[in-house]
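The structure appears right after this line, and notes come after that.
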Amino acid sequence: MPTKKESTPKKKERLSRIITELRQHYPEPRIALDYSSPFELLIATMLSAQCTDERVNQVTKALFKKYRSPNDYIAVPQEELEQDIFSTGFYKAKAKNIQSCCTRLLADFDGEVPQTLEELTSLAGVGRKTANVVLSHCFDIPGVVVDTHVTRLVNRMGIAEGEDAVKLEFALMKLMPSEVWRDFTHLMIMHGRAVCSARSKPKCAECPVAADCPKLL
DNA sequence: AACTCGGGGCA
DNA sequence: TGCCCAGAGTT
């Protein structure tokens, strides 16, 4: 069922309408990302792998009272950190990566969080997604975070095709209205959970952007 | 490109 | 019980 390819300007226009509508529908973006420092956001995002942001918030609430600096994370045995982040899953790998990451922050970056994609992804446990979250939300550097929600939704909405996260990232950067890249992922996630869901059937009857969805045309 | 780490939520 | 979750590293 190869539908005719939509032109880039049309896609841009449609994406812009979708985002405008979603912004009105989901009025409070970035709740889950309201951390007090780049370092806290970095740790929280590292913990978020294959784990909901609600759980990450729950865990970090206690975690950030106990650990306030890179030094605090490497001052405890790995097993202790594992217990403190246990319920986020993948706790052994995450604890190891966090300690390794903190060691390098102290050794190579004067204990601060670096501000380039290359430096961030050179840290243990920090990949493209985590790096883009930190860059876009802490340092106001344009970047599109491609996660499972974004991948699912842009495919369903016919904005971009495929599963390759890097390809989707570049495709979306070209289509993204310049003023919205910062909220894009959050809007996709809110919408993905509430309406355009992965597990249960999408609730298309309640969808605020159904008029722009090729699935329903 | 496929596989592994992994507890937790939800259908 | 089975599938999925604001991923990243290794082979």
Side-chain angles (χ1 to χ4, degrees), chain A residues 19 22 26 28-35 38 40-64 78-79 81-105 113-114 117-138 141-156 160 162-169 172-173 176 180-203:
Chain A
I19 290 172
L22 289 181
Y26 306 105
E28 292 195 52
R30 299 198 301 279
I31 296 170
L33 298 172
D34 187 21
Y35 293 107
E40 287 194 351
L41 178 58
L42 177 65
I43 298 294
T45 309
M46 290 175 78
L47 291 177
S48 74
Q50 297 303 103
C51 167
T52 62
D53 52 337
E54 278 94 348
R55 179 151 301 278
V56 172
N57 286 336
Q58 188 181 320
V59 168
T60 53
K61 199 175 173 187
L63 192 74
F64 291 163
Q78 185 179 320
E79 293 73 22
L81 183 54
E82 285 173 10
Q83 287 313 303
D84 290 335
I85 64 172
F86 180 77
S87 65
T88 65
F90 296 157
Y91 57 92
K92 287 188 188 220
K94 286 177 182 174
K96 187 182 175 189
N97 284 335
I98 287 172
Q99 291 194 318
S100 167
C101 174
C102 287
T103 301
R104 273 212 59 221
L105 288 181
V113 177
L117 186 66
E118 192 174 36
E119 288 173 320
L120 279 165
T121 52
S122 80
L123 299 168
V126 180
R128 208 172 175 92
K129 292 176 195 171
T130 301
N132 270 326
V133 168
V134 172
L135 289 174
S136 62
H137 286 89
C138 295
I141 296 170
V144 175
V145 179
V146 177
D147 58 19
T148 55
H149 287 286
V150 172
T151 303
R152 186 179 73 255
L153 264 68
V154 298
N155 272 283
R156 280 185 184 170
E163 305 286 320
D164 187 310
V166 177
K167 283 183 186 169
L168 287 177
E169 184 185 324
L172 287 172
M173 279 298 278
M176 196 72 56
V180 301
W181 53 265
R182 203 168 187 276
D183 294 337
F184 179 71
T185 304
H186 188 77
L187 288 172
M188 290 295 102
I189 287 163
M190 301 303 288
H191 185 53
R193 280 208 293 244
V195 177
C196 202
S197 44
R199 323 179 198 237
S200 51
K201 272 190 199 164
K203 301 169 190 161

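Naming convention: chains lettered A, B, ... in sequence-line order (proteins, then strands); numbering from 1 in each chain.
- For the pair A:L172 and A:V150, the minimum side-chain heavy-atom distance is below 4.5 Å.
- For the pair A:M188/A:F184, a side-chain contact is recorded, criterion being any heavy-atom separation below 4.5 Å from C-beta on.
- In this structure, A:L117 atom CG and C:dA8 atom C1' are separated by 14 Å, rounded to whole Å.
- The nearest heavy atom of DNA chain C to A:E54 and to A:N97 marks one nucleotide each, and the one closer to the 5' end goes with A:E54.
- The side chain of A:Y91 has B:dG6 as its nearest neighbour among C:dA6, B:dG6, B:dG8.
- The residue A:V126 sits close only to the backbone: its heavy atoms come under 4.0 Å of sugar-phosphate atoms, none of a base.
- Across all strands, A:G89 comes closer than 4.0 Å to base atoms (heavy-atom distances).
- In terms of modelled atom types and a separation under 3.5 Å, the side chain of A:H191 and the main chain of A:L187 share no donor-acceptor contact.
- For A:E118, the CD atom is loosely surrounded, since the number of other residues' heavy atoms within 6.0 Å does not exceed 12.
- Counting to the nearest Å, the C1' atom of C:dG7 and the CD1 atom of A:I43 are 15 Å from each other.
- Residue-level contact check: A:A165 touches neither bases nor backbone, having no heavy atom under 4.0 Å from any strand.
- Taking atom P on both B:dA11 and C:dA6, the two are 14 Å apart, rounded to the nearest angstrom.
- Put simply, A:F90 rests on the base of C:dG7: the two rings are less than 5.5 Å apart at their centres and nearly parallel, under 30°.
- A:T185 comes within contact range of at least one nucleobase, with a heavy-atom separation under 4.0 Å.
- Among the heavy atoms of the strands lying under 4.0 Å from A:L123 are primed sugar atoms or P, OP1, OP2 only; no base atom is included.
- Atom P of nucleotide C:dC5 and atom CG of A:D147 are separated by 9 Å, given to the nearest angstrom.
- The C1' atoms of C:dC4 and B:dG6 are separated by 13 Å, rounded to the nearest whole Å.
- As rounded to whole Å, 10 Å separates atom C1' of B:dC5 from atom NZ of A:K94.
- Between the CD atom of A:Q99 and the C1' atom of C:dA8 there is a distance of 17 Å, given to the nearest Å.
- Nucleic acid contact for A:K92: sugar-phosphate only, since backbone atoms but no base atoms lie under 4.0 Å from a heavy atom of the residue.
- To the nearest angstrom, P of C:dG7 lies 12 Å from CZ of A:R152.
- For C:dA6, the OP1/OP2 oxygens have a side-chain nitrogen or oxygen of A:R193 closer than 4.0 Å.
- Residue A:Q78 places its CD atom among more than 12 non-hydrogen atoms of other residues, nucleotides or ligands, all under 6.0 Å distant.
- Rounded to whole Å, atom C1' of B:dC5 lies 13 Å from atom CZ of A:F86.
- Between the CG atom of A:L47 and the P atom of C:dC5 there is a distance of 19 Å, given to the nearest Å.
- When the nearest nucleotides of DNA chain B are assigned to A:Q50 and A:R55 by heavy-atom distance, the more 5′-ward of the two goes with A:Q50.
- In this structure, A:T130 reaches the sugar-phosphate backbone alone: every heavy-atom distance under 4.0 Å involves primed, P, OP1 or OP2 atoms, never a base.
- Of the candidates C:dA8, B:dG7, C:dA6, the closest approach to any side-chain atom of A:K129 belongs to C:dA8.
- By the 4.5 Å heavy-atom criterion applied to side chains, A:D53 and A:R193 are counted as neighbours.
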